[in-house]
Amino acid sequence: MSSPLVIFDLDGTLIDTAPDLIDSLNHTIAPVGLAPMTLDDLHHLVGQGARVMIKRAFELRNVPLDEADADTLFNNFVEHYRHNMPGKSQPFRGTVECLERLAAAGMTLAICTNKSEALAIPLIETLGLSDHFAAITGGDTFPVRKPDAAHIFGTIERAGGSRDRAVMIGDSINDILAAKNAGIPSIGVDFGYSDVPIASLSPSSVISHFDALTDNLVRDLLVASKVVS
Ligand SMILES: O=C(O)COP(=O)(O)O
Ligand SMILES: [Mg+2]
């Protein structure tokens, strides 16, 4: 039997990337005259990767954006974000201890993020966290991304896990819906970037700190999911 697989979302779950997302977004939109975005705005912008974040920023300001400009702005965003990595981004409190604790309990860890691979993988690398993860998949790794179940299934496959022994941890509707679509338990964190209270999305469990993410919680959720399904 494969070991339990704990799949983490990245932005707003493992890593507090908000200040750098906002900095790079504002750097990108300033030359085209869009007023700067704030941390509050970010909750409505983040979730589907940088391309969608830029598009949503224009929608928020009621300014039209054509496809050619969107490509240029996306490339500018990626260049600025990559160049400044890891910037102010830091793991949330207790993250590293949690990863070590779960690994010591025999669990495999993976990241399933809607951030593009070209941003997610170097960010985790520059933060010195890559060795913790058996797989890191991004919003452009597969033809679909969260909330599509196939993003989770592809992550499970790459990490060498199994679909009936995997749990998803995330901060947004995309994570909780992806887990539901994949038929696996979910843990919502309430310190991320969701624009609605995470509990309102009915994850299997909610945590407010990584200290609460124990191997016992993961095993309990896996057992409970078998009982009800
Ligand atoms: O960067 C985004 O828009 C979303 O990233 P996440 O899936 O890691 O939260
Ligand atoms: Mg997130």
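Counting starts at 1 for both ligands and their atoms, in listed order. All residue numbers refer to positions in the sequence shown, counting from 1.
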Under 6.0 Å from the NZ atom of K55, do we count more than 12 heavy atoms belonging to anything else shown? no
Answer yes or no: is there a side-chain heavy-atom contact under 4.5 Å between H151 and N114? yes
Decide, counting backbone as well as side-chain atoms, whether D175 has an N, O or S atom less than 2.8 Å from the Mg ion (ligand 2). no
If you count the non-hydrogen atoms of other residues, nucleotides and ligands that lie under 6.0 Å from CD in E117, is the total more than 12? yes
Which bit of Q48 is near ligand 1, meaning a heavy atom under 4.0 Å away: side chain, backbone, both or neither? backbone
Give a yes or no answer on whether the side chain of R61 reaches the backbone of P36 with a donor-acceptor pair at less than 3.5 Å. yes
So which N/O/S atom does D9 have closest to the Mg ion (ligand 2)? OD2
Looking only at protein heavy atoms, what sits closest to atom 5 (O) of ligand 1 is D11 OD2, 2.9 Å
Does the side chain of D69 come within less than 4.5 Å of V32's, by heavy atoms? no
Would you say G49 and ligand 1 have an N/O pair spaced under 3.5 Å apart? yes
Do any N/O atoms on D9 end up under 3.5 angstrom from N/O atoms on ligand 1? yes
Which ligand 1 atoms are under 4.0 Å away from a heavy-atom of T113? 5 (O), 6 (P), 7 (O), 8 (O)
Evaluate the ring planes of F191 and F92, with Trp represented by its six-membered ring, and classify them as parallel (under 30°), tilted (30 to 60°) or perpendicular (over 60°). tilted
Contact (N/O only, under 3.5 Å) between A50 and ligand 1: no
Atom CD of E97 with >12 non-hydrogen neighbours under 6.0 angstrom: yes
Could you tell me, atom by atom, which parts of ligand 1 come under 4.0 Å of a heavy atom of K146? 7 (O)
Is there a side-chain contact between D164 and L222 (heavy atoms, below 4.5 Å)? no
If the contact criterion is a heavy-atom separation under 4.0 Å, does K115 count as touching ligand 1? yes
Nearest N/O/S atom of D171 with respect to the Mg ion (ligand 2), by atom name, please. OD1
The Mg ion (ligand 2) is nearest to which N, O or S atom of D11? O
Please determine if R101 and D215 form a salt bridge, counting it only when a charged side-chain N lies under 4.0 Å from a carboxylate O. no
Per-atom contacts, ligand 1 versus L10 - under 4.0 Å to a heavy atom: 8 (O)
Would you say S172 contacts ligand 1, with heavy atoms under 4.0 Å as the rule? no
